[in-house]
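In what follows, a structure is listed as structure tokens, so that the remarks can point back to it.
One is the number of the first residue; the rest follow in order along the sequence. It should be emphasised that the depicted structure is a prediction, and the values quoted were computed from it without experimental measurement.
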Amino acid sequence: LLDRAIDSAPTDAPLFNSRGVALDLKNDHEAAQDSYRKALHFEGGDKDYIQNNLAFSLIQSRQYEEAIPILEKLAQKPDASPTVRQNLAL
């Protein structure tokens, strides 16, 4: 279903983010990370939220060296969500 929606709106960041979440739930972290990265290249969507999702996916696939700098940058923002700090603590 998400793939059909993306076919109709191939530059919709929130759709790519949603596909990334769905793929992470299926433990297909590599494909999920690709979707998050695509989402970050398109207009729209909450970039901090998408970056947090990417970092969490990287943590799930044990790519800590890539995840930690993303989360540290997000955590330094005054409006950082508690989820970002929680993911950094993982």
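- A distance of 9.0 Å separates OG of S35 from CG of N17, quoted to the nearest 0.5 Å.
- Nearest heavy-atom pair across P14 and G44 is CD-C, 4.3 Å.
- If you take NZ on K38 and CG on L15, they are separated by 13.0 Å, rounding to the nearest 0.5 Å.
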**Report entry** Worked verdict on H29 versus Q63 for side chain to side chain contact (heavy atoms under 4.5 Å, CB included)
**Finding:** CA-CA 11 Å; H29 304 301; Q63 296 179 53; over 6 Å; no
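- Annotation: salt bridge (charged side-chain N to carboxylate O under 4.0 Å, His left out) contacts involving residues 11-20, sequence neighbours excluded, comprise D3-R19.
- Side chain of Y36 to main chain of G20: a donor-acceptor pair is present (N/O by atom type, distance under 3.5 Å, no hydrogens or angles).
- L1 belongs to no hydrophobic cluster, as no Ile, Leu, Val, Met, Phe, Trp or Tyr side chain comes under 4.5 Å of its own.
- In this structure, CG in L88 is found 7.0 Å from CD1 in I68, a value given to the nearest 0.5 Å.
- Counting heavy atoms from C-beta outward, L71 and I59 have side chains that approach closer than 4.5 Å.
- Scanning both residues, Y64 and P69, for their nearest heavy atoms gives O-CD, 4.3 Å.
- Here the closest non-hydrogen pair linking N53 and D24 is O-OD2, 4.3 Å.
- Taking OG1 of T83 as the reference point, atom CG of L74 lies at 11.0 Å (rounded to 0.5 Å).
- Under the 4.5 Å side-chain criterion, counting only non-hydrogen atoms from C-beta, F16 is not in contact with D34.
- Cluster membership for Y49 and L58, using ILVMFWY side-chain heavy atoms within less than 4.5 angstrom, is not shared.
- Note on residues 63-88: pairs passing salt bridge (charged side-chain N to carboxylate O under 4.0 Å, His left out), not counting sequence neighbours, are R37-E66, D48-K77.
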**Report entry** Full working for side chain to side chain contact (heavy atoms under 4.5 Å, CB included) between S61 and E30
**Finding:** CA-CA 8 Å; S61 60; E30 186 175 330; over 6 Å; no
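- For T11, the side-chain contact (heavy atoms from CB on, under 4.5 Å) partners two or more places apart in sequence, or in a different chain, are F42.
- Not counting sequence neighbours, the partners of F56 by the side-chain contact (heavy atoms from CB on, under 4.5 Å) test are Q60, N87, L90.
- Here the OG atom belonging to S57 is positioned 10.0 Å from the CD1 atom belonging to I70, to the nearest 0.5 angstrom.
- Residues passing the side-chain contact (heavy atoms from CB on, under 4.5 Å) test with A31, sequence neighbours excluded: L23, D28.
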